[in-house]
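Protein chains get the first letters and strands the later ones, always in sequence-line order, with residue 1 at the start of each.
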Amino acid sequence: MEFTIDAISKDCNARAGKIKTDHGDILTPIFMPVGTVGSVKAVHCSELKEEIKAEIILGNTYHLYLRPGLDIIQASGGIQKFNSWNMPMLTDSGGYQVYSLGHNRKITDEGAIFRSHIDGSKHIFTPENVMDTQRVIGADIIMAFDECTPYPCDYDYAKNSMKLTHSWLERCVRRFNETEPIYGHSQSLFPIVQGSVYKDLRRESCERIASYGLEGNAIGGLSVGEPIEDMYELTDLCCSILPKDKPRYLMGVGTPANILECIDMGIDMFDCVMPTRNGRNGMLFTSEGIINMRNEKWKNDFSPIDANGTSSVDILYSKAYLRHLFVAKEILALQIASIHNLAFYLWLVKEARKHIIEGDYRAWKTMMVKKVTNRL
RNA sequence: GGGAAGGUUCCAGAGUGGUUAAAUGGGGCAGACUGUAAAUCUGUUGGCGACGCCUUCGUUGGUUCGAAUCCAACCCUUCCCA
């Protein structure tokens, strides 16, 4: 993997860059659609490429390990062959599941013991075997195994958890360096900053993480329920410490406004389930604001879903029709909403990149944040 | 023509003397969702000058301190027999 910076906006810390991987290039800032089990829910690969113009998607180590299982993925020739995406992928390590599936797992120094949410079977995730698993899955970018701390989280818990994540990182790096990619393309390991909402912990974690000199750095443990101002303040703090010459990945963020604000601070990569999950639940993000597609007010609105949209569904279908599909619980509703939302997210970061290069990012962002937070 | 069952709030359907503006489900309306156990979850769903009052369980009348619930008549629906 190689990262180059093409431009830094004149009026803020926003950067436009390029990540080269063996599966293709990624222009940053970038939004990465989430495809937990190897599939971006309700969306075909062809739609991701042609309509949405996604450049990289996510997969999840915990979920892929449980189903279909490593034997299947290895036999298929790696995840990008298995799902026919054939473009860059990133896998999360299962660190988020340590948080989201917190009720059926136990943490020890050794690792995390999960009770499968599918059949209750017991599985131990260690930094070492998570690296091995991500070698088998075969994504271009793989994540260190961490604990995503919950919110609220008291200082002592956050501190101990951060130390645990750091010790796991040490073991991840060692194992990563001892092993080779399986499928002939190179893989890059990103470490993850933790420290909850505590600035001294975040600072310490950033310094520790950065000291490994890995090819990119991620910020985790945010957007888990903390006040939005905290998220911004901590992201800004992390950006001020994490190396400038490496991509910065803010995990799990966020709303269109969150993304615009964090690009301003120097974040290069984002992922979030919001465009897909909220889309499936009837929420549309557009350049003019947010639409709750199930609301009665769209019943007789035959205007396009999004007149300014870039995907074919935006002008092909009307709001009244899409509302009808949601009300009738038709599968097509989920597909249209997912394609629209993802295409909008990708359009948004592409526009951001354009304005960074032009040098007026902050001004554009200030105007844009007002629009995208508007409720239609 | 004879017999049987039944008519409940938008719908289906509980309730069978007071704790019932009436269970539950559906539908409607609104909200939530941030490294996906999510095509999910939550709230709400008679009216009003609302910690109270008014109207409502086919219609009308009656019994009772009190009725969706008991009685009578009537109207209507479904099923069975002729």
(Q) Heavy atoms only, 4.0 Å cut-off, all strands: where does A/Gln194 land among base, sugar-phosphate and nothing? (A) base

Q | Distance below 4.0 Å between A/Asn295 side-chain N/O and B/A30 OP1 or OP2 | A | yes

Q) Under 4.0 angstrom, heavy atoms only, what part of the nucleic acid is A/Asn278 near: base, sugar-phosphate, or nothing? A) base

Q. Using the P atom in both, what is the distance from B/C10 to B/A5, to the nearest Å?
A. 28 Å

Q: Starting from P on B/G35, measure out to CZ on A/Phe270 and report it in whole angstrom.
A: 13 Å

Q: Kindly say if A/Arg277 contacts the phosphate of B/G35, meaning a side-chain N or O under 4.0 Å from OP1 or OP2.
A: no

Q: Tell me whether B/C51 sits syn or anti, counting syn as a glycosidic angle within 90° of 0.
A: syn

Q: With P as the reference atom in both, quote the distance from B/C57 to B/A67 in angstrom, rounded to an integer.
A: 13 Å

Q.
Quick check on the 6.0 Å ring-centre criterion: do A/His117 and A/His103 meet it?
A. no

Q: Specify the separation, in whole Å, of atom CD1 of A/Ile291 and atom P of B/G31.
A: 13 Å

Q) Is any side-chain N or O of A/Asn60 closer than 4.0 Å to OP1 or OP2 of B/G35? A) no

Q.
Does B/G35 have OP1 or OP2 under 4.0 Å away from a side-chain N or O of A/Gln97?
A. no

Q) Looking just at side-chain N and O atoms, do A/Thr286 and A/Asp306 make a donor-acceptor pair shorter than 3.5 Å? A) no

Q. Taking the six-membered ring for Trp, are A/Tyr183 and A/His185 parallel (under 30°), tilted (30 to 60°) or perpendicular (over 60°)?
A. parallel

**Q.** Nearest-angstrom distance, P atom, B/G66 to B/C54
**A.** 15 Å

Q. Between the base of B/G35 and the side chain of A/Asp146, is there a donor-acceptor distance below 3.5 Å?
A. yes

Q | B/G6 versus B/G17 - spacing of their P atoms, nearest Å | A | 16 Å

Q. If you round to the nearest 0.5 Å, how far is CG of A/Leu169 from CD1 of A/Ile209?
A. 5.0 Å

Q: Specify the residues of residues 102-120 of chain A, ordered by number, for which at least one heavy atom lies under 4.0 angstrom from an atom of RNA chain B.
A: A/His103, A/His117

Q. Do A/Val43 and A/Pro33 touch side chain to side chain, with heavy atoms closer than 4.5 Å?
A. no

**Q.** A/Phe31 and A/Tyr345 aromatic centres sub-6.0 Å
**A.** yes

(Q) Just to be sure I understand the rule, does A/Val224 reach a base, reach only the sugar-phosphate, or reach nothing, if contact means heavy atoms closer than 4.0 Å? (A) nothing

Q: With a 3.5 angstrom cut-off on both distances, give the Watson-Crick or G-U wobble partner of B/U78, or none if there isn't one.
A: B/A4

Q: Ignoring hydrogens and angles, state whether a donor on the side chain of A/His123 or A/Ser121 is under 3.5 Å from an acceptor on the partner side chain.
A: yes

Q) Taking a pair as Watson-Crick or G-U wobble with both distances under 3.5 Å, which nucleotide is matched to B/U64? A) none

Q. Are the aromatic rings of A/Tyr99 and A/Tyr96 close, with centres under 6.0 Å apart?
A. yes

Q: Can you tell me the pairing partner of B/U42 across any strand shown, Watson-Crick or G-U wobble, with both distances under 3.5 angstrom?
A: B/A30

(Q) Reading RNA chain B from 5' onward, which residue's closest nucleotide shows up sooner: A/Ala144 or A/Glu296? (A) A/Glu296

Q) Looking across every strand, which nucleic acid part, if any, lies under 4.0 Å from A/Ile192 by heavy atom: base, sugar-phosphate, or nothing? A) base

Q. Is any side-chain heavy atom of A/Val197 closer than 4.5 Å to a side-chain heavy atom of A/Leu234?
A. yes

Q.
Whole angstroms only, please: what is the OH-C1' distance between A/Tyr99 and B/C33?
A. 11 Å

Q: Tell me what A/Gly225 touches on the nucleic acid: a base, only sugar-phosphate, or nothing, going by heavy atoms under 4.0 Å.
A: nothing

Q) Which whole number of Å gives the distance between the P atom of B/A38 and that of B/G58? A) 46 Å

Q. Taking side chain as C-beta onward, heavy atoms only, is A/Arg323 less than 4.5 Å from A/Glu296?
A. yes

Q | Base versus backbone protein contacts along nucleotides 39-46 of chain B [heavy-atom cut-off under 4.0 Å; B, S, -] | A | BB------

Q. Which word best sums up how the rings of A/Phe145 and A/Phe125 line up, parallel for under 30°, tilted for 30 to 60°, or perpendicular for over 60°?
A. tilted

(Q) I want to check one thing: is the phosphate of B/U34, taken as OP1 and OP2, less than 4.0 Å away from some side-chain N or O of A/Ser223? (A) no

Q: Can you tell me the distance, in whole Å, between the OH atom of A/Tyr96 and the P atom of B/G35?
A: 5 Å

Q | A/Ser100 side-chain N/O to B/A37 phosphate OP1/OP2 under 4.0 Å | A | yes

Q.
Taking the P atom in each of B/U64 and B/U69, what is the distance between them to the nearest angstrom?
A. 16 Å

Q: Taking only the side-chain heavy atoms of A/Thr255 (C-beta and beyond), determine which of B/U34, B/G35, B/A30 contains the nearest atom.
A: B/U34

Q | Residue from A/Gln194, A/Lys163, A/His166 passing side-chain hydrogen bond (donor to acceptor under 3.5 Å, both in side chains) with A/Ser205 | A | A/His166

**Q.** Watson-Crick or G-U counterpart of B/A14, or none if no pair lies under 3.5 Å
**A.** none

Q: Indicate syn or anti for B/A50, taking the glycosidic torsion and treating anything within 90° of 0 as syn.
A: syn

Q: Name the pairing partner of B/C51, where a pair is Watson-Crick or G-U wobble with both distances under 3.5 Å, or state none.
A: none

Q | Selected nucleotide, minimal atom distance to A/Arg323 side chain, candidates B/U36, B/C29, B/G35 | A | B/C29

